[in-house]
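All chains are named by letter (A, B, ...) in the order of the sequence lines, taking the proteins before the strands, and each is independently numbered beginning at 1. Treat the numbers as computed from the prediction; the structure is a model and nothing was measured.
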Protein chains: 2
Amino acid sequence: MPKSRARGRPREFDPDRALDAAIEIFSERGYHGTSITDLADATDLTTGSLYKAFTDKRGILLAAFDRYRSVRSAKLETALAQGANGREKIKAALAFHAGAAHGVSGRRGCLVVSMANELAAHDPVIAERVAKAHAANEAIMRELVIAGQADGSVSTSLDPVAAGLLLLFLLQGLRVVGKTSRPEAQMLAAAELASRILD
Amino acid sequence: MPKSRARGRPREFDPDRALDAAIEIFSERGYHGTSITDLADATDLTTGSLYKAFTDKRGILLAAFDRYRSVRSAKLETALAQGANGREKIKAALAFHAGAAHGVSGRRGCLVVSMANELAAHDPVIAERVAKAHAANEAIMRELVIAGQADGSVSTSLDPVAAGLLLLFLLQGLRVVGKTSRPEAQMLAAAELASRILD
DNA sequence: TGAATTCGGAAATGATCATTTCCTATATGA
DNA sequence: TCATATAGGAAATGATCATTTCCGAATTCA
């Protein structure tokens, strides 16, 4: 049977579109630097509609954070699929993040980094989501190291746990430095140099 | 001749002490997350005294930023002096930052990272100071690579420019991940693994 | 068709914010 | 000693903030 429609007047806007705008603005200005009016302007919605859909400002952030994560994860997955072996996949991940850490998207910044810095110390829920995001990326890198060791593209003398965390540091640091723009080639060259730890 | 005292009523508080409190609170809560009342409470001063000494909220931040940089730089210098050669100095720098990226100071965070994320995109003056701070740390790391190549502790196949930037990514990333606490040993082991790029 | 429900939207609310003002206190310099 | 200048401190100011309220519109269910 087809799922029955919701009860009252149907929502006229796409919440995901609104969250995409929220992601941009929260990433660039931070949580406290963004007002509901800013969000209403960016989404072309009234504050009432935002409150009805997301409860409050923090609700908008939480939803935006989750969407940011899922969108970025999907894009990373396709980038990783390009790599033929563990080492190549690690280089693809580094290139993926370096690609986001320059120009417009570089200056906009990463929402995970932004929330880690601004809110993690005082908001346990945000802290947990940030920690989960970090743990997920760390795990991806660690598994790529292990896969590379299995396929012979990564040295077996490398500790996968420490290497996974090291690569996480790198990914996050790229986005911090990227806030004050650098040429793409420079970011990429430095990031890919990290593959030397795999020798 | 002894420098003559200033004209009016002498200031009763030590501005550097006030800035130390401002550094802590700005690092932890961010600029927009910190109110003048918060600063007045933390410094045991009235808002009037803060405004007389630092002009406005942004002036407090700017002064705090400069003080943070000079205090941290001095501590890094002494940490580096421990290293016998280029490689050891690089490991000392990594250990120095890893040491700040866990526990209480880890959760407090780095003011440079915080300002890069929150304000660099919209405040050109802050952006320039952040860029200068990054460039300074990058230069230190680059020069250590070059010194290591001269003393034989670092491979000459390494590009010092790219390596300097890579190490900067690492230092900043450490502070981001450190916001959601990790055990010191874990941070240190991962950070020091970066010395593999020097082989 | 009509009761129930949710949405869109504008205006109102009360809190908090950065900053200023005003007054008193304490110093210098002539 | 008195004019000048700056600090300390409390209270006032006006703007902005997040959130709520209220009302007309659009939809479902019986």
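Here dG8(C) presents its C1' atom at 10 Å from CZ of Phe13(A), a figure rounded to the nearest Å. The distance from atom NZ of Lys52(A) to atom P of dA18(D) is 18 Å, rounded to the nearest whole Å. Between the CG atom of Asp14(A) and the C1' atom of dC7(C) there is a distance of 16 Å, rounded to whole Å. dT28(C) atom P lies 13 Å from atom CZ of Arg9(B), rounded to whole Å. Rounded to whole angstrom, the span from the CG atom of Leu61(A) across to the P atom of dT19(D) amounts to 12 Å. Rounded to a whole Å, the OH atom of Tyr51(A) is 16 Å from the P atom of dG8(C).
The shortest distance between the side-chain N/O atoms of Ser49(A) and the OP1/OP2 oxygens of dG8(C) is below 4.0 Å. Put simply, Arg11(A) has a side-chain N or O that comes within less than 4.0 Å of OP1 or OP2 on dC7(C).
Residues Arg58(B) and Gly8(B) each lie close to DNA chain C; by heavy-atom proximity, the contact nearer the 5' end of the strand is made by Arg58(B). Residue order along DNA chain C, read from the 5' end via each residue's closest nucleotide, puts Asp56(B) first among Asp56(B) and Glu12(B).
Rounded to the nearest 0.5 angstrom, Ile25(A) CD1 and Ser35(A) OG are separated by 7.5 Å.
No cation-pi contact links Arg67(A) to Phe65(A), judged by a cut-off of 6.0 Å to the six-membered ring centre and 45° from its axis. Stacking of Lys57(A) on the aromatic ring of Tyr31(A) is recorded, both the 6.0 Å distance cut-off and the 45° axial limit being met.
Judged by distance alone, the side chains of Ser73(B) and Ser70(B) never bring a donor and an acceptor atom under 3.5 Å apart.
Among the nucleotides dT26(C), dT20(D), dG8(D), the one closest to the side chain of Thr47(A) is dT20(D). Looking at the side chain of Lys57(B), the nearest of the listed nucleotides dG8(D), dT19(C), dG8(C) is dT19(C).
Taking a 4.0 Å limit (strictly below) on heavy-atom distances, residues 23-45 of chain B does not reach DNA chain D anywhere.
Other residues, nucleotides and ligands contribute over 12 non-hydrogen atoms within 6.0 Å of the CD atom of Glu143(A).
Across Ala120(A) and Thr180(B), no two heavy atoms sit closer than the pair CB-CG2, 4.0 Å.
Not a single donor-acceptor contact under 3.5 angstrom links the side-chain atoms of Arg7(B) to the base of dA27(C).
Under a 4.0 Å N-O distance rule, the pair Glu138(A)/Lys132(A) does not qualify as a salt bridge.
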